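Structure first, commentary second.
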Amino acid sequence: MTMGTYRQQPGASKPEVRKDGKRVAGKQVFPPPGSGGSEPTMRPRDLDFIPETVGGKEPKPAGDHIHDRDRTGTVVGKSIPLVDSNAKVTGQAWYGDDVRLPGELIGKILRSPYHYARIKSIDTSRVEALPGVIAVSTGKDAPNRFGVLPVTKDEHAMAVEKVRHVGDLVACVAAVDESTAIEALSLFDIEWEEIEPVFDPKKGLEDHDEPIHWRGKYHLSRTNVQKRVFQEFGDRSLVDSPFAASHGAWTMSGVHHGFTEPHAVVAHWDPNGRLQLYTPQQVPHYTHRALSTVLDVPMHQINVVRTFVGGGFGGKSDPFPHEMCAAILARKAGKPVRITFDREEVYWINRGRHPSHIEVKMTADTDGRISSFDIDALIDGGGFASFGHVTSYYNGVLATAPYELGSFHYTGARVWTNKPASGAMRGHGAVNTRCAVEVGLDEMAESMDVDPIDLRLANLLPPHSRTISGFRITSNGMREALERVREGSEWDTKFRQLPLGKGIGIGCGFFISGSGLPIHWDPKNFPHATVHIQVDMDGGVTVHTGAADIGQGSTTAVAQVVSEVLALPIEMIHVRSHESDTSPVDLGSYSSRVTFMNANAAIRAAIGIRDQLLKAAWEMLGYHPNVLVLNDRRIYYKHDPAVGVSYLQALHKAQADTGALIARGAYRSPPMGGVHKGAAAGLAPAYSFSAYVAEVDVDVETGQVSCTNVWAAHDCGKALNPMAVKGQIIGSCHMGLGQVLSEKMVYGRTGHLQNANLLEYKIPSVHEMPHVEAIIVESSDPEGPFGAKEAGEGPLLPILPAVVNAVYDAIGVRLRDLPLTPDIVYAGIQKHLRKLRLEEPEQMQPPRLEHGPLQPLLVARGDLHRERDRLRQRSEDTSAYVNGVLFGFDPDRPLSEQHEGWREAYEPLPEQLAELGFAGRAWLKKEQRQIQREEEEQRQLDIDESEKPKIAVEHKTPPKDRKSKRGKSQKIRREL
Amino acid sequence: MVGDEHVTMVPVPPGKRWAATVNSQSVEVLAPSNAVLLDVLRDKVGTLGVKRGCDLGTCGCCTVMIDGVPKLSCLTLAGQVEGANILTVEGLSDGAHLAPIQTCFSTHGGSQCGFCTPGFLVASQALLNNNPEPTRQEIACAIEGNLCRCTGYQQIIDAIEAAAVIHRGEAALPAAASSPHADPHPSGPGEPTMPPGHAR
């Protein structure tokens, strides 16, 4: 008898019968099909998907993994369709605007026509008089502030005092239909007082009469700086005598997520007075919190329902003011209110990638070691803080790997301007700096006459090491990724050998897999993610998670790991993740955290269910769980498959007396990282790594760049679903290509956004898309679920520098303005021609490479490190490794005992102030509290000298509210 | 400028009878004479699978087939297609049995967030109806009016290629994850087995 013939259907057994032949009431069996899966017999074990470490055939080059014993060969590692894909291909998936409640009203938002203005008065009487208008609301209805980060709550549902950008929310109406609502918007009588706006982020560093926000004693002088960062690590003395150096100043345009679904929200206060809010959100829990704050309603009286999300990419990861507006209008109207954005409004709410000015200097020493990275990033935050506090750090700290650095110096500043707010976007904060750094490495490799891939391979951090800023790197597939794209693209026969107009370039990247710090609570007290599982008599498994599926397949990932642990077909796993009423609290989909954290929690919960099943099987079979095997709806004795019970038999045994099986699992990241200011930014339980090679064609006459081929290797630890991982890699390429070649939010000279539509905001169409060879690298992360890490954001990073480097390879011109639209490339070529006194672009010579004396040295070091990395990856070498070992740093001794050059600093020394980069100039300003303290001290001195207590009394009166604070600071400024 | 002066907008014309065949069902609704087909389909007919992405004909999410030709419903006046045969994504499948193009989108990863998927499905079904053996270039031309932000198009083209193979009859329709459970009594149910005492 083969294993495949074990029957799984209890319905096949005979029902219990009485002596008269009738069945015993109440003892019916569960009828097939539908119970225990629709296939009647057990499928054989799929040894190809069971690791070799536990007796299967799946190779484990990176060594064993803690979850290997939980593998059953059911679905993990197999390309399966997303579990919700059938809803999507039939048009039944319900997105924000598809929620239609009976009696709904249509809400519309009045937006600011001014960049920066004070609202002196709003008269809504004419609006209210319009027939068909049911509810009107303005900023005074919701004075409480909110924001995605608790430290920077600076948003209101509608403008309370002043509007901060064109498109800022002023008021909203709910009416019986859309045309009435639009008509009503023209009936507001508003008295404005315009204020001088700021658009240029460089001017944001200057003192301003009316800063866009006022942060009280923490405000930096009177500037528009929202956040400034200074970090310095390592041995700065290495910078003094560089062997090679690169210096580049970049201008990166702002880009938008360009998701296809415009924002939409439906709010309804149910008859019990609870708010039901339907919204396509990546972070329903943050919306939940913000709604509670703004509406003054306890969180348990709000149910946030996440609809299907038509693309997020970070653009739906803030609590949004229009969500508050819908709730306020619905409360006033007593009816459901639906607000749907048009495409232009999507751009007004923005949260796209920050327009940035980035300057990167780097040096290398005579051994080809990277002795310093100096990064200065000035980022344009627009009107609100959003995630900007974090972005300010990410622009620097996410450049500290995958290379071993002698020293690292970062100054960053995020400024408010009167433009739509920037926020988090796929590859949050890391993308622009990564591009600048990777292009710098390419330039440095050229000046050293070495191959840029060999330069990288000789300077990689190994697995299980610590970066210069204190991040804990666990698994690391960077080397394999680089080697595989080099081989796949036939790099060695193409690089610096292609004719004019054709080029090839390399780029690398690394990204966090989940943020180590949950924004709203102490990780010591609460876990990052929780998953509940319930199994009732029918055998179906219901999984409750708050993970927001935004198309990346998080629901599928959670279903897959539960299916894998319980050895049940994936059709038997039902994930419920839409409602905050039924889902455990979850932070949402950002920082690439969902697969890592939720799947880990789901594995723990599934193990809880499995243990109950195994215990029941133990009681039925008499064999200890250690010798029982789970496979496709059956539990049997390891050495004799005939001795076993079906899943349903074990389940019903386990349910005796207790009812449905319940289990929960939680994930929290291990304690890690330093305690310094900003140490939590960029800290993650694991990091993904990627390397891309891109081939481009450049038309030297017109400057048109087209990318033709991409080899994209991404280390995602373990591909739970290779098809989904490849989809993420190719999709990331698409989004990154848009940023590097065509996408740009165009702000005119008047500061007005000029291309708030998909016609002029150029997202690559199918014809602009190159062929992408997606290569999955599996480094098996020791803490990831079955070894998995993120694959959603990291793959975006390398495509930008790969294309920019390829353009240089094609035409020999370094371009540092993104996107590389034809006008930029054409101007670059013309400048180059003038410099070389050439007539025609065809006369240009593409760059060529003659390997210098350093090349063999780097190759040798790379080979040496390959073996080092292999041993560390497999935990055969468990010695400590800290960034700096390459430079003589002793990892076993604390920083204080190292060579005196090694230090960490989080504020500039007074003598450094003069030589900081552009964004670093924010450190020349003083915070209000410091200004006040110094004034106080000065006054004390004055009092001591001349005894005038009158002034001191006047200034000791504490400011009562924001307004008076500003009044006071204005006074201070005048005094200054 | 907003608030300065009030210009009364053109009043909405009164509802007018609009009839067409949508997904093989004849429908009759009241719609203003200047109504856009997208609004009529979503708000009156109730085919919410037709998605609104931009209202400007730039994203292709609202693509529907009008008399066999894929068109953007956001740029079509309902009055222009009065009485036409309109096919939306809801009409592609035969009951719960998915069309090959739908199954292939699902199995090849052609749909991630899924918002653009209805438009892609209709556009590619129209291609397959006319061209049983499309090249990758021809497929690209058929979907050039549709934007997808998630997939990078590659897996969409793979899916359409695979569906073309099925349309040509060279491969069997792969079983989708959610193909309905087999009917255990295809020729009609036999005598039901009721528990004792059950009232007939």
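Residue numbering restarts at 1 for every chain, and letters A, B, ... go by the order of the sequence lines. Treat the numbers as computed from the prediction; the structure is a model and nothing was measured.
Closest approach of B/Glu144 and A/Ser765 over heavy atoms only: O-CB, 4.3 Å. Contact between B/Cys113 and A/Thr260 at its shortest, heavy atoms only, is SG-OG1, 4.3 Å. The two residues A/Pro262 and B/Gly53 come nearest to each other via the heavy atoms CG-O, 3.5 Å. Annotation for B/Ser106 and A/Asn86: closest pair OG-OD1, 3.3 Å, computed over non-hydrogen atoms. Summarising the geometry of A/Ile730 relative to B/Thr151, their closest heavy-atom pair is CG2-O, 3.4 Å, with the distance given to 0.1 Å.
Remark: B/Lys51 engages A/Asp98 in a salt bridge, criterion side-chain N to carboxylate O under 4.0 Å. Between A/Glu178 and B/Arg42 there is no salt bridge, since no side-chain N of the basic residue sits under 4.0 Å from a carboxylate O of the acidic one.
Proximity to chain B is absent for every atom of A/Phe341, based on heavy atoms less than 4.5 angstrom apart. Interface residue B/Ser111: backbone and side-chain heavy atoms are both found under 4.5 Å from chain A. Heavy atoms of B/Cys54 lying under 4.5 Å from chain A belong to its backbone as well as its side chain. Neither the backbone nor the side chain of B/Leu92 comes within contact range of chain A; no heavy atoms are under 4.5 Å apart. Proximity to chain A involves both the backbone and the side chain of B/Asp43, based on heavy atoms less than 4.5 angstrom apart. Residue B/Ile101 does not touch chain A at all, counting heavy-atom pairs closer than 4.5 Å. Heavy-atom distances place both the backbone and the side chain of A/Val772 under 4.5 Å from chain B. In this structure, chain A has a heavy atom under 4.5 Å from the side chain of B/Tyr153, while its backbone stays farther away.
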Where do B/Arg52 and A/Arg343 land on the side-chain contact (heavy atoms from CB on, under 4.5 Å) test, with the steps shown first? CA-CA 10 Å; B/Arg52 179 199 305 276; A/Arg343 184 51 63 176; over 6 Å; no
One pair to check against side-chain contact (heavy atoms from CB on, under 4.5 Å): B/Leu56 and A/Leu758. What are the steps and the verdict? CA-CA 8 Å; B/Leu56 290 171; A/Leu758 290 175; over 6 Å; no
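One N or O on the side chain of B/Gln112 and one on the backbone of A/Gly727 form a donor-acceptor pair closer than 3.5 Å. Between the A/Tyr95 side chain and the B/Gly114 main chain, a donor and an acceptor come within less than 3.5 Å of each other. The backbone N or O of A/Val89 sits less than 3.5 Å from a side-chain atom of B/Gln102, completing a donor-acceptor pair. Judged by distance alone, with hydrogens and angles left aside, the side-chain atoms of B/Gln155 form a donor-acceptor pair with the main-chain N or O of A/Met723 at under 3.5 Å. In this structure a side-chain-to-backbone donor-acceptor pair under 3.5 Å is present from B/Arg149 to A/His257.
Atom SG of residue B/Cys148 and atom CE of residue A/Met769 lie 9.5 Å apart, to the nearest 0.5 angstrom.
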